[in-house]
Amino acid sequence: MSKVIIKIVSVLLITFGTSLKAQDLNYDFVVAADASGDFVKIQDAIMAIPDFRKAETRIFIKNGTYKEKLILPASKTNVTFIGEERENVILTYDDFASKHNAFGEEKGTTGSSSFFVFGSNFTANNITFENSSGPVGQAVAVRVDGNNAHFENCKFLGFQDTLYVHGRDAKQYYKNCYIEGTTDFIFGWSQAIFENCEIYSKEGGQYITAASTEEGAPYGLVFINCKLTGDAPKNSVYLGRPWRDYAQTVFINCNMGAHIKSEGWHNWSKPEAEQTTFYAEYNSTGVGASQNRVSWAQVLSEEEASKFTRTKLREE
């Protein structure tokens with residue numbers, strides 16, 4: 001059979017939904033809820049990866065809802081998840097902070113996480129990550145500790161504490177993503193860039209970010225060319241508040257909806273944090289942009305804003 005015929009047959013098989021294994025799709029593993037792949041469960045595929053593999057392991061995830069509490073161990077490095085379709089590949093779980101474990105203890109914020117990412121160089125494309133517990137307090141969809149995590153065209157769904165950028169020394173990058181929540185729904189220690197993302201504030205919340213940047217860190221949370229949208233009431237949502245006193249959060253070239261409060265930032269009832277936080281904006285647009293931000297926030301110059309690019313931040 002000629003190479004041309006083989007290629008045509010492969011295209012027809014994909015088009016008409018015939019089950020294909022990983023080798024037919026140029027992936028290492030295929031996960032499929034309908035049992036047409038190498039694994040039915042994502043966690044089984046993760047555990048099949050050799051520890052500390054230096055080469056990339058590519059896992060294709062077919063459309064389906066996968067209700068699993070997932071852990072990518074630190075020993076599983078250079079792992080890539082590729083979803084078939086972002087809206088239809090849903091990784092979900094429903095733990096929350098006040099939910100009790102087998103010993104009758106509260107799981108806590110960290111314990112509520114649907115997906116723990118400890119391995120370095122993790123990449124995800126075209127996937128929805130969800131904590132489906134609802135508006136029940138802290139409930140994390142993804143906690144990211146591993147360095148050099150990269151999420152592109154992904155969705156993060158939840159209410160309070162949706163995305164936990166936890167790794168103190170970790171650098172993370174989010175591009176063309178959708179992130180929703182109510183209170184502190186992007187929070188943590190990591191140095192994280194969000195580029196061309198939609199940040200959606202759901203009704204019932206008041207704060208987008210709660211950075212806990214370490215003292216001396218070169219940067220914290222950086223939003224570039226993002227859209228701040230939501231169904232929260234007009235003038236009801238702060239850009240951020242400092243979980244720790246040296247919180248850093250910067251918005252550059254972002255379009256802000258009417259739900260953003262004119263003062264912009266809150267000190268979390270810690271006046272001393274006003275002296276140590278770094279909250280700044282450059283070229284904010286939209287109804288939520290304001291010339292009346294709190295006095296302890298900064299307006300960046302063009303030169304200062306130019307330092308907050310992915311290339312320059314990765315060099316830090």
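This structure is a prediction, so every number in the text was calculated from the model and none was measured. Below, each value reflects all heavy atoms present in this structure, side chains not excepted, and no hydrogens, waters or symmetry copies.
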- No-hydrogen, no-angle side-chain donor-acceptor test under 3.5 Å, Asn153 and Asn126: yes
- Query: Does a side chain donor of either Thr80 or Glu56 reach within less than 3.5 Å of an acceptor in the other side chain?
  - Reply: yes
- Message: Using side-chain heavy atoms (C-beta onward) and a distance below 4.5 Å, is Ile208 in contact with Ile260?
- Response: yes
- Checking salt bridge (Lys or Arg N to Asp or Glu O under 4.0 Å) for the pair Lys202/Asp231: CA distance, chi angles, key distance, verdict? CA-CA 5 Å; Lys202 298 167 77 168; Asp231 62 359; over 6 Å; no
- Query: Is the side chain of Lys99 donor-acceptor paired with the backbone N or O of Lys107 at a distance under 3.5 Å, no angle test?
  - Reply: no
- Query: Should the ring pair Phe115 and Phe122 be called parallel, tilted or perpendicular, given that the plane angle runs from 0 to 90° and is split at 30 and 60?
  - Reply: perpendicular
- Note on the structure: Closest heavy-atom pair, Thr209 versus Leu221, reported as atoms and distance to 0.1 Å, is CB-CD1, 3.9 Å
- For residues Phe60 and Glu84, determine if any side-chain heavy atom of one lies less than 4.5 Å from a side-chain heavy atom of the other. yes
- Message: Taking the six-membered ring for Trp, are Phe156 and Tyr178 closer than 6.0 Å centroid to centroid?
- Response: no
- Taking atom types as modelled, find out whether Asn148 and Asn121 have a side-chain donor-acceptor pair closer than 3.5 angstrom. yes
- Query: Do Leu157 and Phe81 belong together in a cluster built from hydrophobic side chains that touch within less than 4.5 Å?
  - Reply: no
- Task: Could you tell me which non-hydrogen atom of Thr183 sits nearest to which non-hydrogen atom of Arg241, and how far apart they are?
- Result: CG2-NH2, 3.7 Å
- Task: Kindly assign one of parallel, tilted or perpendicular to the pair His166 and Tyr164, based on the angle between their ring planes and the thresholds 30° and 60°.
- Result: perpendicular
- Residue among Thr65, Thr162, Thr92 satisfying side-chain hydrogen bond (donor to acceptor under 3.5 Å, both in side chains) with Glu130: Thr92
- Less than 4.5 Å apart, any side-chain heavy atom of Phe223 and any of Glu281? no
- Do any N or O atoms from the side chain of Thr213 and from the backbone of Gln248 form a donor-acceptor pair under 3.5 angstrom? yes
- Query: Does Lys69 use its side chain to pair, donor to acceptor, with the backbone of Ser113 at less than 3.5 Å?
  - Reply: yes
- Are Leu228 and Phe159 linked, directly or through other ILVMFWY residues, by side chains that come within less than 4.5 angstrom of each other? no
- Candidate list Trp189, Phe118, Phe116, test side-chain contact (heavy atoms from CB on, under 4.5 Å), partner Asp145, passing option: Phe118
- Between Glu87 and Lys155, is there a salt bridge with N-O shorter than 4.0 Å? yes
- Task: Take the angle between the ring planes of Phe194 and Tyr174 and call it parallel below 30°, perpendicular above 60°, tilted in between.
- Result: parallel
- When rounded to the nearest 0.5 Å, the distance separating CG of Asn88 from CD1 of Ile90 is 6.5 Å
- Tyr282 side chain near Glu304 side chain, heavy-atom distance below 4.5 Å: no
- Query: For Thr229 and Glu198, what are the C-alpha separation, side-chain angles and deciding distance, and is it a side-chain hydrogen bond (donor to acceptor under 3.5 Å, both in side chains)?
  - Reply: CA-CA 7 Å; Thr229 63; Glu198 180 177 1; 2.7 Å; yes
- Task: Would you check if Leu239 and Phe251 make a side-chain contact, meaning some heavy-atom pair closer than 4.5 Å?
- Result: yes
- Query: Taking the side chain as C-beta and beyond, is there a heavy-atom pair between Phe308 and Leu300 under 4.5 Å?
  - Reply: yes
- Query: Is it true that Trp268 and Tyr207 fall in one hydrophobic cluster, defined by side-chain heavy atoms closer than 4.5 Å?
  - Reply: no
